[in-house]
Amino acid sequence: MEQEKAFYQRLAEKGVSRRDFMKYCTFLTATMGLSSSFVPKVAEVFAAPQQRPAVIWLHFGECTGCSESVLRSQYPYVDELVLEILSVEYHETIMAAAGQQAEDQLHMAMKKYQGKYICVVEGSIPTKFDGGYGKIAGRTFLEIAKEVVPNALATIAIGACACYGGVPAAKPNPGGYKGVSDAIGVQTVNIPGCPPNPVNFVGSVVNYLLLGKLPAVDDLGRPLFAYGKTIHDQCPRRAHFENDEFVEEFGSEEAAMGYCLYKVGCRGPETYNNCPIVKFNDGTSWPVEAGHPCLGCSEPNFWDRFTPFYEEL
Ligand code: FSX
Ligand code: SF4
Ligand code: F3S
């Protein structure tokens, strides 16, 4: 009770009303594919967390856009996420420790939470030349991943790079960059996107805290709740050529079709993600709404598979 009170107090200080928070929980519950009876339980995960799983967050070959995306999640705010809901023990971008102190922190956390921590990996792993293309503190990304990932309870690969290699793995890929699962042969829960939507990461974590397991995934390791449908299946621009009223408004089916970005290269029909529903920046917009074709950024090998981007599929 006290914990909950303090939580709502903190929210109020940030200008978020209880009503706004419940709205967010309803949205998150629906995104996770759970019935509305779960809304109070989802709220409790944030307001009165019973457990704070330890998280070791690794950075490899990437642009840090994935962390930036999670850190910009409006709710849960980054401080709640890092300190109250999770116990983030190691994260190079946000931790105060540096150099030897950071290395010590990593090893201390691994020892203390052996077999119990959630490992989050951001970025892909160079595998050629014994992994020589990427090092931290004198050790290759490959060595670090082989040490940290197998000792975790579960590993979440966040972003297209950690999932499937992403931009660093684009041709000619001299460093032999691969996603985590491919590079070291472990199963990961994949949250692809370049960057991914923070809601899909938070939804996966909440699924774990609520139901004691990570969400069900497809054969590419992606949570079904987020990556079960194509962009095209959920796209509002589709309405313009599938709805008689719009066709009438545009004058002809062809004109209504012009509103769709297919002819300027939209990869929506081949891309599985929930961008049209969850959008980015707290529901402000998403690529196709902003007038840009979907690049297919959550699909494996999207860079090689979908370039040149602005040409019809
Ligand atoms: Fe990759 Fe993440 Fe793209 Fe960047 O760190 S998925 S390059 S948005 O940021 O890994
Ligand atoms: Fe499909 Fe893209 Fe057209 Fe939307 S804009 S209807 S996703 S092809
Ligand atoms: Fe990526 Fe396409 Fe969504 S480019 S962000 S999957 S609309």
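Please read these numbers as outputs of a predicted model, since none were measured by experiment. Atoms within a ligand are numbered from 1 in the order they appear, just like the ligands themselves.
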*Hey, is CD on E248 packed in by over 12 heavy atoms from elsewhere, all under 6.0 Å?*
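Not buried by this count: 12 neighbours or fewer within 6.0 Å.
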*The single option from L209, L28, L11 passing side chain to side chain contact (heavy atoms under 4.5 Å, CB included) against F46*: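 The residue from L209, L28, L11 that satisfies side chain to side chain contact (heavy atoms under 4.5 Å, CB included) with F46 turns out to be L28.
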Taking the side chain as every heavy atom from C-beta outward, state whether [X] and [Y] have any pair of such atoms under 4.5 Å apart.
X    : Y    : value
T271 : F302 : no
I184 : V149 : yes
L220 : Y272 : no

*When you check the gap from the basic side-chain N to the acidic O, do K112 and E89 get nearer than 4.0 Å?*
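Here K112 does not pair with E89 in a salt bridge, since their nearest N and O are not under 4.0 Å apart.
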*Under-4.0 Å salt bridge between R267 and E299*: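 Here R267 does not pair with E299 in a salt bridge, since their nearest N and O are not under 4.0 Å apart.
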Check whether any heavy atom of [X] sits under 4.0 Å from an atom of ligand 3.
X    : result
V288 : no
G193 : no
F280 : yes

How far is [atom] from its nearest protein heavy atom, and which residue and atom is that?
atom                    : answer
atom 4 (S) of ligand 3  : L295 N, 3.1 Å
atom 3 (Fe) of ligand 3 : C275 SG, 2.3 Å
atom 2 (Fe) of ligand 3 : C294 SG, 2.3 Å
atom 1 (Fe) of ligand 3 : C297 SG, 2.3 Å

*Does a donor on one side chain and an acceptor on the other come within less than 3.5 Å for Y310 and E312?*
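Short answer, no.
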*Restricting to pairs with a member in residues 155-212, which pass ring-ring contact (aromatic ring centres under 6.0 Å, His included), not counting sequence neighbours?*
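Counting only pairs at least two positions apart or across chains, the ring-ring contact (aromatic ring centres under 6.0 Å, His included) contacts touching residues 155-212 are W57-F201.
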*Show which atoms of ligand 3 fall inside a sub-4.0 Å distance from at least one heavy-atom site of W286.*
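Here the atoms of ligand 3 in question are 7 (S).
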_Interfacing atoms of ligand 3 (cut-off 4.0 Å, heavy-atom, N273)_ =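 Answer, ordered by atom number: 6 (S).
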*Ring centers of Y113, Y90 separated by less than 6.0 Å*: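 Between Y113 and Y90, the centre distance exceeds or equals 6.0 Å.
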Enumerate, atom names and distances included, each donor-acceptor pair closer than 3.5 Å involving a side-chain atom of residues 36-44, sequence neighbours excluded.
unit_1, atom_1, unit_2, atom_2, d
S37, OG, S35, OG, 2.8

*Taking atom 4 (Fe) of ligand 1 as the centre, how many protein N/O/S atoms fall inside a distance shorter than 2.8 Å?*
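Under the 2.8 Å cut-off, the count stands at 1.
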*State whether the side chain of T230 and the backbone N or O of D233 hold a donor-acceptor pair below 3.5 Å, judged by distance alone.*
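Pair found, side chain donor or acceptor close to backbone of D233.
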_For a distance under 2.8 Å, give residue and atom name for each protein N, O or S atom next to atom 1 (Fe) of ligand 2._
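Protein N, O or S atoms closer than 2.8 Å to atom 1 (Fe) of ligand 2: H232 ND1.
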*Shortest non-hydrogen contact from C163 toward N190*: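 Heavy atoms only, the tightest pair is SG-CB, 3.4 Å.
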*asked:* Going by side chain to side chain donor-acceptor pair (under 3.5 Å), D104 matches just one of Q100, Q101, H107. Which one?
replied: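 Of all the options given, the one that passes is Q100.
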_Atoms in ligand 1 with a heavy atom of G193 nearer than 4.0 Å_ =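 Selected atoms, number and element: 6 (S).
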